[in-house]
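Please read all numbers here as calculations on a predicted model, not as lab measurements.
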Amino acid sequence: MKKILDLITEEMEKAFGKAGYDGKYGRVTVSNRPDLCEYQCNGAMAAAKEYHKAPIMIASDVVEALADTEVLAEAQAVSPGFINLKISSSFLSGYLNDMHKEERLGYEKVKEPETIMIDYGGPNVAKPLHVGHLRSAIIGESVKRIARFAGHKVIGDVHLGDWGLQMGLIIMELKERKPDLPYFDPDFQDAYPKEAPFTIAELEEIYPAASARSKEDTAYKDAAMKATFELQQGHRGYQALLKHILNVSVSDLKRNYANLNVDFDLWKGESDAQPYIPDMVRKMKDEGYAYESDGALVVDIKEETDTKEVPPCMILKSDGASLYTTTDLATLVERMKLYHPRRIVYVVDKRQEMHFVQVFRCAKKCGLVEADTDLKFLGFGTMNGKDGKAFKTREGGVMRLEYLLSDINEEMLKKIRESRPMSDEEAGEIAKVVGLSAVKYGDLSNQASKDYIFDIERFTSSEGNTGPYILYTIVRIKSILKKYEEQAGAVLEAPILAEENESGRALMRELARFNAVMENAYEELAPHKICAYIYDLANAFNKFYHETSILGTEDEHVKKSRIQLLVLTRRVLETCIGLLGFEAPERM
RNA sequence: GCACCUGUAGCUCAGCUGGAUAGAGCACGGGCCUCCGACGCCCGGUGUCGCAAGUUCGAAUCUUGUCAGGUGCACCA
């Protein structure tokens, strides 16, 4: 369906043309002065320059030319040259009826779907998720859903940190603790055991222990580096151990991400890109892009428009080892080969922007991706505590994600108990669902690129611009609809009729914005635009609800229409929170 | 040192492809449940839009300078 603003704009364009002006001035926006009008067109003021005419005269001409439109109920030229518009209520209700008939609520799929990869999550194996992983997961998941809803083929890749010294450290520590394991026996020829020789809990303890020791014990660190090297060279026992580490870690990670309602299509990691490195490096050398500098292999990526020094992109260290950049470049090679995406979005801490600028430039310059492959860095800011500094535990450490979530659930449970009596089991379930909305909405309602303050008290409150407030509104609608079903037997199809009071009109105008908001949220990869929209919509609904008796409506047609309006509002809200990555309970 | 990002009400944040009186929420004060969920709704005050110039009929929005805070600047990831 066309966007409602475009439909009104078309009317204005025609009117500008009819009055003898260029139609391009006809653009209509939602009014920023709701006390004066519903929609507005400011084109007359821009046109004044071209036609050397007072803006108010142009505006008056246009309004006159508008006389016979069915779209608008009122149009008024106001000094200095605003054109104030009021939409026709039958046109508006007609628009909503069309929208209600469509499964996608009038949001059209893109005409040419593209393959888009979203790189988000980025956890490290053998390490628990901590609060630093939260934003990437939440934002990435939402962006993935938004892009998919736009009609694209979207692939979410968790891109595990499963390569490098950390692996060598784990292997060394394991060797110290359990030297008799067959993985360390060079003469062992049989198949290795299927069972991992450790649990996730042990693994999570082993890594920090090994990491701490390597900082003091250089011989130990050297051994770990050797183990890393041997692993990378294909050491049979170590490879088998890596598989165990991956399996144990990934199943734990999946459980954790499932709690966040986050899921990935691909569970690939840095290690998967390693086989692509040798050929890639050779190609870069052969084609003359890579050269030696201070013993390291680098590629120049300066551009004329740079306002500062951009250091060359390092491909191999002076000792010949690969590094972060190498892996990311090789991952691009792998992705192009296996999935051939048109676009890749990296949802990563914004502090890594420089690194990705280097990777993107290098990949383009060396032809690892095509010239029109869109590599997009979606950087997010830091999650801070109430003091405005990086979020920490009371002891000053990094907080595990599980603990953060259980804190939220506890707070939510407390609030639920205060409000409504229900069984422990139900309260617990609802706390989980509502708690997740609190965390996700709290994060997504801010612009991703900015730092934000994580405030449990504020996020879990159902007052104000919060997840629980949105859910409350949905639950309230569900409750009314349920009551209606009890009375009338079922919610039957019926046309939505025009509402003449202001709160009803306002609600309908909000609903009509849906497809425009979705399109904009996708174009800008901006979940916070959806949050702002549903907050406005929820407010508009609650206002309408308070001013209008719904179940008590005398006229049966009007009553049915209002029920449909509720159904539509619920559909829009639920579609939106689905794109944000959470859902509403039946009651709360 | 160089570069990038941020600076809007007491607090947390929108608005930033220039448009009318700069908006929400929280907090604070007052009102509204014999009636569909009061976790709601209504009413009320709060601003040198960091500062200073410039462009423009018009600037929170664009340009330049400046101040403050944050972040990043090749052999970690």
With a non-hydrogen cut-off below 4.0 angstrom, is [X] in contact with a base, only sugar-phosphate, or nothing?
| X | answer |
| --- | --- |
| A/Asp35 | base |
| A/Leu471 | nothing |
| A/Val310 | nothing |
| A/Ser461 | nothing |
| A/Asn84 | base |
| A/Ile480 | sugar-phosphate |

task: Ignoring hydrogens and angles, state whether a donor on the side chain of A/Thr548 or A/Arg562 is under 3.5 Å from an acceptor on the partner side chain.
output: no
query: Going by distance alone, is a donor N or O of one side chain under 3.5 Å from an acceptor N or O of the other, for A/Glu270 and A/Thr327?
result: no
task: Cation-pi check, A/Arg476 to A/Tyr545: give yes when NZ or CZ is under 6.0 Å from the six-membered ring centre and within 45° of the ring axis, no otherwise.
output: yes
Given [options], which nucleotide is nearest the side-chain atoms of [X]?
| X | options | result |
| --- | --- | --- |
| A/Tyr472 | B/rA20, B/rG40, B/rC13 | B/rG40 |
| A/Arg458 | B/rC39, B/rU12, B/rA20 | B/rU12 |
| A/Tyr545 | B/rC39, B/rC36, B/rC13 | B/rC36 |
| A/Leu551 | B/rG40, B/rC36, B/rG19 | B/rC36 |

- request: Give, ordered by number, those residues of residues 439-449 of chain A having at least one heavy-atom distance below 4.0 Å to an atom of RNA chain B; if nothing qualifies, reply none.
  value: A/Asn446, A/Gln447
field: Distance-minimising heavy-atom pair for A/Leu169 and A/Ala210
entry: O-CB, 3.6 Å
- request: Taking all heavy atoms of A/Lys415 and all of A/Ser461, pick out the closest pair and write down the distance.
  value: NZ-N, 3.9 Å
For [X] and [N], give me the distance from atom [atom1] to atom [atom2], rounded to whole Å.
| X | N | atom1 | atom2 | answer |
| --- | --- | --- | --- | --- |
| A/Leu36 | B/rG23 | CG | P | 12 Å |
| A/Met588 | B/rC39 | CE | P | 10 Å |
| A/Phe380 | B/rC5 | CZ | P | 19 Å |
| A/Phe459 | B/rG25 | CZ | C1' | 13 Å |
| A/Ile534 | B/rG25 | CD1 | P | 16 Å |
| A/Ile470 | B/rG25 | CD1 | P | 13 Å |
| A/Tyr469 | B/rG25 | OH | C1' | 10 Å |
| A/Asn465 | B/rG15 | CG | P | 12 Å |

task: Classify the ring geometry between A/Phe454 and A/Tyr452 as parallel (under 30°), tilted (30 to 60°) or perpendicular (over 60°).
output: perpendicular
Determine the Euclidean distance between corresponding [atom1] atoms of [M] and [N]; express it in Å to zero decimal places.
| N | M | atom1 | value |
| --- | --- | --- | --- |
| B/rG25 | B/rA77 | P | 49 Å |
| B/rA20 | B/rU61 | P | 13 Å |
| B/rU34 | B/rC39 | P | 15 Å |
| B/rU64 | B/rU46 | P | 35 Å |
| B/rC5 | B/rG50 | C1' | 15 Å |
| B/rU48 | B/rG10 | P | 7 Å |
| B/rG44 | B/rC57 | P | 37 Å |
| B/rC49 | B/rA59 | P | 12 Å |

query: Quick one: are A/Asn446 and A/His528 in side-chain contact, heavy atoms under 4.5 Å?
result: no
message: Using the side-chain contact (heavy atoms from CB on, under 4.5 Å) criterion, which residues pair with A/Val299? Sequence neighbours excluded.
response: A/Met284, A/Tyr289, A/Ala290, A/Ile301, A/Ile315, A/Cys362, A/Lys365, A/Cys366
Tell me if a side-chain donor or acceptor on [X] pairs with a main-chain N or O of [Y] at a distance below 3.5 Å.
| X | Y | answer |
| --- | --- | --- |
| A/Arg135 | A/Gly381 | yes |
| A/Thr569 | A/Leu565 | yes |
| A/Tyr535 | A/Gly464 | no |

May I ask you to evaluate whether [X] reaches the phosphate of [N], defined as a side-chain N or O under 4.0 Å from OP1 or OP2?
| X | N | answer |
| --- | --- | --- |
| A/Asn32 | B/rA20 | yes |
| A/Lys482 | B/rC36 | no |
| A/Asn539 | B/rG40 | no |

message: I'd like to compare against my own output: the B/S/- annotation of nucleotides 71-77 of chain B with a strict under-4.0 Å heavy-atom distance to protein.
response: SS-BBSB
Nearest-nucleotide 5' precedence on RNA chain B, A/Ser31 against A/Arg27: A/Arg27
query: Hey, which of these two, A/Ala538 or A/Ala532, hits RNA chain B nearer its 5' end, going by closest nucleotide?
result: A/Ala532
message: Suppose the criterion is side-chain hydrogen bond (donor to acceptor under 3.5 Å, both in side chains): which pairs have a residue in residues 381-390 of chain A, not counting sequence neighbours?
response: none
Syn-anti status, with the boundary at 90° from 0, for the nucleotide B/rC33: syn
Point-to-point distance, once rounded to the nearest 0.5 Å, from OG of A/Ser445 to CZ of A/Phe459: 6.5 Å
task: Treating a pair as Watson-Crick (purine N1 to pyrimidine N3 plus N6-O4 or O6-N4) or G-U wobble (N1-O2 and O6-N3) with both distances under 3.5 Å, list the stems of 3 or more consecutive pairs that involve RNA chain B.
output: B:1-7 with B:67-73, B:10-13 with B:23-26, B:28-32 with B:40-44, B:50-54 with B:62-66
Close aromatic pair by centroid cut-off 6.0 Å: A/Phe380 and A/Tyr120: no
For residues 40-52 of chain A, dump all side-chain donor-acceptor pairs below 3.5 Å to protein atoms at least two apart in sequence or in another chain.
| unit_1 | atom_1 | unit_2 | atom_2 | d |
| --- | --- | --- | --- | --- |
| A/Gln40 | NE2 | A/Asn32 | OD1 | 2.8 |
| A/Glu50 | OE1 | A/Tyr25 | OH | 2.5 |
| A/Tyr51 | OH | A/Asp22 | N | 2.8 |

